[in-house]
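What follows is a set of notes on a single structure, which appears directly below.
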Amino acid sequence: MAAEKKLKEKVEKILIYLEEKYPEAVCSLNFKNPFQLLIATILSAQCTDKRVNVVTKDLFKKYPDAFAFANADPKELQEAIRSTGFYRNKTKNIISCCRDLVKKYGGEVPQTLEELTSLAGVGRKTANVVLGDAFNIPRIVVDTHVKRLSRRLGLTREENPEKIEFDLMKIIPTERWTKFGHQMIYHGRTICKARNPKCDSCGLVEICEYPSIKEE
DNA sequence: CTCCCGATAT
DNA sequence: ATATCAGGAG
């Protein structure tokens, strides 16, 4: 099919561009083990990774593992993470999540999507971050950036993050899944921003549909 | 669909 | 003033 071939060529150009421009793209949340990445990612909901890193620096000294969070005083934890926003929900979720980790997994972080998403405050996006970056299991993380860029570039027409994830998995080679997500996020933060995207300094303008569709 | 919510850029 | 930030739960 002509349309499929065209899409395949587009994907190749995007992958080459991203690899050239962001060869070192990695997870920008600071963490030393899977558990820390899990907590940092829960905190990152509707918050910049930069802010999360400021908070987790002291947070992980006070609460080094799931056992510590499981026994945390809610008020104290709330204050510690307040600046990341949604701090009441996040506090409740983290304590509940860590109690589950202690009770069901001996304080360790499970390594399947189903087990991870069964934890409080852990949705598909968070689970995929942990699987990809802590356990090196190939995953495409569809966060707000990946969703926006994928739609602008015409890689999907879907609105639902899970559907977008499946669309992307069909057209991106498995071994690139995790890094692709990081590279899209780098690009989304610096060039293809939600507001006032810098299309003039983007090497993908020619194959991008954004200038014509303008989000819809 | 709504609610959660502080920090920052524009 | 308002949009947006590595979303998830009810």
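So you know, we letter chains A, B, ... as the sequences are listed, proteins then strands, and number each from 1.
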With a non-hydrogen cut-off below 4.0 angstrom, is [X] in contact with a base, only sugar-phosphate, or nothing?
X: Ile81(A); answer: nothing
X: Phe86(A); answer: base
X: Thr84(A); answer: nothing

Is any side-chain N or O of Thr144(A) closer than 4.0 Å to OP1 or OP2 of dC5(C)?
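Indeed, a polar side-chain atom of Thr144(A) lies that close.
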Side-chain N or O of Lys193(A) versus OP1/OP2 of dT10(B): is the shortest distance under 4.0 Å?
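So the side chain of Lys193(A) is within the cut-off, an N or O lying under 4.0 Å from OP1 or OP2 of dT10(B).
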Heavy-atom nearest nucleotide on DNA chain C for Arg124(A) versus Ala194(A): which residue maps closer to 5'?
Ala194(A)
Rounded to whole angstrom, note down the C1' distance from dC5(B) over to dA3(C).
14 Å
Using the C1' atom as the point on both nucleotides, what is the distance between dG6(B) and dG10(C), in whole Å?
22 Å
Please check: side-chain N/O of Lys90(A) versus main-chain N/O of Leu43(A), any donor-acceptor pairing under 3.5 Å?
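A pair under 3.5 Å: yes.
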Are the side chain of Asn53(A) and the backbone of Asn30(A) linked by a donor-acceptor contact shorter than 3.5 Å?
yes
Distance-only polar pair, side chains of His187(A) and Tyr22(A), donor-acceptor under 3.5 Å:
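There is such a pair (donor and acceptor under 3.5 Å, judged by atom type) between the side chains of His187(A) and Tyr22(A).
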Between atom CG in Asn160(A) and atom P in dG8(C), what is the gap in whole Å?
12 Å
Tell me the interatomic distance from Lys90(A), atom NZ, to dG7(C), atom C1', rounded to whole angstroms.
8 Å
Hey, can you pull the residues of residues 32-61 of chain A with a non-hydrogen atom under 4.0 angstrom from DNA chain C?
Ser44(A), Ala45(A), Gln46(A), Cys47(A), Thr48(A), Asp49(A)
May I ask you to say whether Glu159(A) pairs ionically with Lys147(A), meaning some side-chain N is under 4.0 Å from a carboxylate O?
yes
Here's a test of your reading of the structure: between Asn89(A) and Arg195(A), which maps to the more 5' nucleotide of DNA chain B?
Asn89(A)
Take Glu165(A) and Arg124(A) through the salt bridge (charged side-chain N to carboxylate O under 4.0 Å, His left out) test and state the conclusion after the steps.
CA-CA 10 Å; Glu165(A) 186 185 325; Arg124(A) 194 179 181 90; 2.6 Å; yes
